[in-house]
Amino acid sequence: QVQLVESGGGLVQAGDSLRLSCAASGRTFSRYNMGWFRQAPGKEREFVATISWSGGSTYYGDSVKGRFTISRDNAKNTVYLQMNSLKAEDTAVYYCAAASTSPGLRSYEYEYWGQGTQVTVST
């Protein structure tokens, strides 16, 4: 089993930056591909970013390209999402997830999920 706990969410102003963290415990963290998703009220869960086991490959959803950066520190069993130039449209609950195989852009490809952390961007 893998347990994931997100942290770092909060209330920020448009244009500000925020870094989310996801701490993992359980099975070997470095063997999992990791992803971030978000869900705003009344909307479907949206793919944000994913990172490979080694951290050498990343992929981002179109709405966050150029603004968000996903990274991981396997020694700390932690994955991060650095969010810059935040916009009101980024307001959502953000979830981290883990997959034991190479995931695509769909949430069902991820096996384990955190509880989510809320990000609210005011204008």
Side-chain angles (χ1 to χ4, degrees):
Q1 294 290 320
V2 174
Q3 295 80 45
L4 304 173
V5 179
E6 303 96 332
S7 62
L11 175 63
V12 298
Q13 297 185 61
D16 206 350
S17 297
L18 196 64
R19 175 170 287 189
L20 306 183
S21 299
C22 177
S25 62
R27 299 187 184 276
T28 305
F29 172 76
S30 62
R31 292 294 185 179
Y32 286 84
N33 297 304
M34 299 295 297
W36 286 95
F37 291 77
R38 66 187 184 185
Q39 188 166 24
K43 295 186 177 181
E44 299 292 329
R45 186 165 294 186
E46 177 188 16
F47 170 77
V48 175
T50 188
I51 187 168
S52 63
W53 295 344
S54 67
S57 298
T58 58
Y59 187 80
Y60 298 90
D62 290 340
S63 63
V64 305
K65 287 180 180 178
R67 299 189 299 118
F68 290 11
T69 302
I70 187 172
S71 62
R72 66 192 298 163
D73 186 339
N74 290 340
K76 297 182 178 180
N77 293 339
T78 302
V79 62
Y80 304 95
L81 184 68
Q82 177 67 44
M83 305 183 293
N84 297 330
S85 301
L86 283 163
K87 306 174 181 179
E89 64 193 62
D90 296 318
T91 296
V93 176
Y94 284 71
Y95 300 89
C96 67
S100 59
T101 58
S102 298
L105 308 181
R106 302 297 301 273
S107 61
Y108 62 75
E109 297 176 301
Y110 292 82
E111 302 168 55
Y112 303 101
W113 293 81
Q115 84 289 349
T117 186
Q118 184 172 337
V119 174
T120 302
V121 184
S122 64
T123 59

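Nearest heavy-atom pair, Ser17 versus Ser85, reported as atom, atom and distance to 0.1 Å: OG-N, 4.3 Å. Scanning both residues, Val79 and Ser71, for their nearest heavy atoms gives CG2-O, 3.1 Å.
For the salt bridge (Lys or Arg N to Asp or Glu O under 4.0 Å) test, residues two or more places apart in sequence or in another chain that qualify with Lys65 are Asp62. Partners of Glu109 according to the salt bridge (Lys or Arg N to Asp or Glu O under 4.0 Å) rule, which considers only residues two or more places apart in sequence or in another chain, do not exist here. Residues satisfying the side-chain contact (heavy atoms from CB on, under 4.5 Å) criterion with Ser52, sequence neighbours excluded, are Asn33, Ser54, Ser57. For Arg45, there are no salt bridge (Lys or Arg N to Asp or Glu O under 4.0 Å) partners at least two apart in sequence or on another chain. Annotation: salt bridge (Lys or Arg N to Asp or Glu O under 4.0 Å) contacts of Arg72 (sequence neighbours excluded): none.
A donor-acceptor contact closer than 3.5 angstrom links the side chains of Glu46 and Ser63.
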### Query
Where do Val12 and Met83 land on the side chain to side chain contact (heavy atoms under 4.5 Å, CB included) test, with the steps shown first?
CA-CA 11 Å; Val12 298; Met83 305 183 293; over 6 Å; no
### Task
I would like to know whether Asp73 and Tyr80 meet side chain to side chain contact (heavy atoms under 4.5 Å, CB included); could you show each step before the answer?
CA-CA 8 Å; Asp73 186 339; Tyr80 304 95; 4.1 Å; yes
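With Arg38 as the fixed residue, the side-chain contact (heavy atoms from CB on, under 4.5 Å) test singles out one of Leu81, Thr91, Val48: Val48.
Not one N or O on the side chain of Gln82 forms a donor-acceptor pair closer than 3.5 Å with the backbone of Arg19. Ser100 contributes no side-chain N or O that, together with a main-chain N or O of Tyr32, makes up a donor-acceptor pair within less than 3.5 Å. Although no hydrogens or angles enter the test, the distance criterion places no donor-acceptor pair under 3.5 Å between the side chain of Glu111 and the main chain of Ala98. At distances below 3.5 Å, at least one donor-acceptor pair connects side-chain atoms of Gln115 with backbone N or O atoms of Glu6.
The stretch residues 97-123 participates, sequence neighbours left out, in these ring pair (Phe, Tyr, Trp, His ring centres under 6.0 Å) pairs: Phe37-Tyr110, Phe37-Trp113.
Cluster annotation: Val2 is connected to Trp36 through the hydrophobic network of ILVMFWY side chains, with a link wherever side-chain heavy atoms come within less than 4.5 Å.
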